Amino acid sequence: MKKQKLTNLFENFLKKDEIFNDKKVLQISHMPDVVEHREEQINQIAQILAPSLKLNRPSNIFIYGKTGSGKTLSMKHIAQNMLNVADKNKIPLKIIYINCKLKRVADTEYRIIAQLGRELGEKIPNTGLPTDEVYRIFFDALDKKEMLLLITLDEIDQLVNKAGDAVLYNLTRINEELKKSQVSIIGISNNSRFIDIVDPRVKSSLSEEDILFPPYNALQLQDILRGRANKAFKENVLEDGVLAKCAAYSAKEHGDARRALDLLRVAGEVSERECLSNVQIKHIDEAESKIEHDRVLDIITTQPKQSQAALYSILSLQSKGEAILTGQIYDIYKKLCNQTGLKTLTQRRIGDIIAELDMLGIINAKVISKGRYGRTREISLSTPDSTNNKIKRILEEGLDLL
DNA sequence: AGGTATTCACATGAAACTATTCTCTGAGTTAGG
DNA sequence: TAACTCAGAGAATAGTTTCATGTGAATACCTGT
């Protein structure tokens, strides 16, 4: 009996090929041959960067636009082309791409410079060295031979609000010291306001040129989706209107192409799991809630114990129906710590943890003033009840309750 | 009634501290010549 | 004497704690009518 089931499962698995042709195409990491609807921006950037092929230092560039508007993709596209040309003509051009958001890789001053040094072939330890020393290693490596270096710093805003703008300041000034080589910086950011919070000196040198990536509209999204879907799916798998709906959904959310692609891919996976041979419109709705559901669950399981405990406290208060306040959470949390032997943190810290959970979109927390009765955060859950139960179970497991 | 001052219950900020991970350095030790 | 070992100093970093200051509006308290 069981054996039979298993056989079925595998049989079905083989049939699954009916939908996807090449799922990789729908992944964000996939590089298409052409970047659609970004010709203008790409041209602008290419024109600014072109002098680097003659070893003239191009202006620094600041690129901004909402998530999923093709900034990173366009930049990588350009970089690839430039490197091809440089390679063919033996031009000592180097383009380094660093994503400043990557935790424990490139989110501090030390790590950025260390990463740059490593790209130039130096061996730099993760810790133990003074930051100055790392600067020196990078600098020496750079000036050893003549070259032009383009440093692409993605999510540069994350870097600045975590580690300050000292790195940028140093990097923008490094040309004054270099004898043989030259450096240009390309900063990519999600929010345009970021540039206003940095040191004015950094600001003026970083944004010698500004490029704005506007969000895609629904039609453009549809084009993009169509292009990728043709490769990713088998023929006639997509029901009419699927792409349109996908595009419309994401256009509403500030035209995020990444989201649109995710949506389409997951919709495909959903119908695949149901062993259907086509993707229907309803699958998109399912995909949307599945993505959200998975995202939340994923965040929660990877959250540290203390955050989990805080969240669990919120969940156990939530059933009472009334508004949840920071103080109440802290009370419950303290009891919970006693119960589980977890170290009790200060209220200050728990306050921060609550703010973090809010940032992650797991809960809604807004600061309200209750007049005479103080000021606090009012917290509510942002997930549906069905998910909450699951969350609770996960947390109980994670916290060794029960 | 209308205006001001208080007051609550945290929020928010900054600095300092703790613990961990890692390098570098130099003293002490070992093994071979 | 060269090579090796190992402890201690010094760094970077994440996660906290400690201390200090901020804050929005419901109430308490006046004031003059």
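Just so it is clear, the structure is predicted and the values come from calculations on it, not from any experiment. Computation of the quantities below employed the complete heavy-atom set of this structure, encompassing side-chain atoms and omitting hydrogens, waters and symmetry-equivalent molecules.
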S.K.: Can you sort out the partners of Q339(A) under side-chain hydrogen bond (donor to acceptor under 3.5 Å, both in side chains), two or more places apart, ordered by chain and number?
M.R.: none

S.K.: Report the distance from atom CG of D132(A) to atom C1' of dT23(B), rounded to the nearest whole Å.
M.R.: 15 Å

S.K.: Could you verify whether a donor N or O on one side chain and an acceptor N or O on the other, from D154(A) and Y97(A), lie under 3.5 Å apart?
M.R.: yes

S.K.: Sequence neighbours left out, what passes ring pair (Phe, Tyr, Trp, His ring centres under 6.0 Å) with F194(A)? Give chain and number order.
M.R.: F62(A)

S.K.: Could you run down nucleotides 13-18 of chain C 5' to 3' and tag each one B, S or - for protein heavy-atom contact under 4.0 Å?
M.R.: SS-SSB

S.K.: For R118(A), check salt bridge (charged side-chain N to carboxylate O under 4.0 Å, His left out) against everything at least two apart and list the hits.
M.R.: none

S.K.: Residues in side-chain contact (heavy atoms from CB on, under 4.5 Å) with R372(A), at least two apart?
M.R.: none

S.K.: Tell me the interatomic distance from N161(A), atom CG, to dA14(B), atom P, rounded to whole angstroms.
M.R.: 13 Å

S.K.: Return each pair, listed once, that meets side chain to side chain donor-acceptor pair (under 3.5 Å) where at least one residue sits in residues 299-317 of chain A; pairs must be two or more places apart or across chains.
M.R.: Q306(A)-Y333(A), Y312(A)-E396(A)

S.K.: Measure from NZ on K366(A) to P on dA9(B) and round the result to the nearest Å.
M.R.: 20 Å

S.K.: Could you list the residues that satisfy salt bridge (charged side-chain N to carboxylate O under 4.0 Å, His left out) with R258(A), not counting sequence neighbours?
M.R.: none

S.K.: For F213(A), what residues pass the ring pair (Phe, Tyr, Trp, His ring centres under 6.0 Å) criterion, not counting sequence neighbours?
M.R.: none

S.K.: Can you run down the salt bridge (charged side-chain N to carboxylate O under 4.0 Å, His left out) pairs that involve residues 37-66 of chain A, sequence neighbours left out, and say none if there aren't any?
M.R.: R57(A)-E208(A)

S.K.: Got a sec, which residues hit ring pair (Phe, Tyr, Trp, His ring centres under 6.0 Å) with F233(A), two or more places apart in sequence or on another chain?
M.R.: F20(A)

S.K.: Rounded to whole angstrom units, what separation is found between the CD1 atom of I124(A) and the P atom of dC24(B)?
M.R.: 11 Å

S.K.: Give a yes-or-no answer on whether the side chains of D256(A) and Y249(A) include a donor-acceptor pair shorter than 3.5 Å.
M.R.: no

S.K.: I need the CD1-P distance between I350(A) and dA11(B), as an integer number of Å.
M.R.: 11 Å

S.K.: For D358(A) and dA11(B), give me the distance from atom CG to atom P, rounded to whole Å.
M.R.: 12 Å

S.K.: Encode nucleotides 24-30 of chain C as B, S and - characters from 5' to 3', where the letter depends on protein heavy atoms closer than 4.0 Å: B to the base, S only to sugar-phosphate, - to neither.
M.R.: BBBSS--

S.K.: Among residues 324-336 of chain A, which contact DNA chain B at a heavy-atom distance under 4.0 Å?
M.R.: T326(A), G327(A)

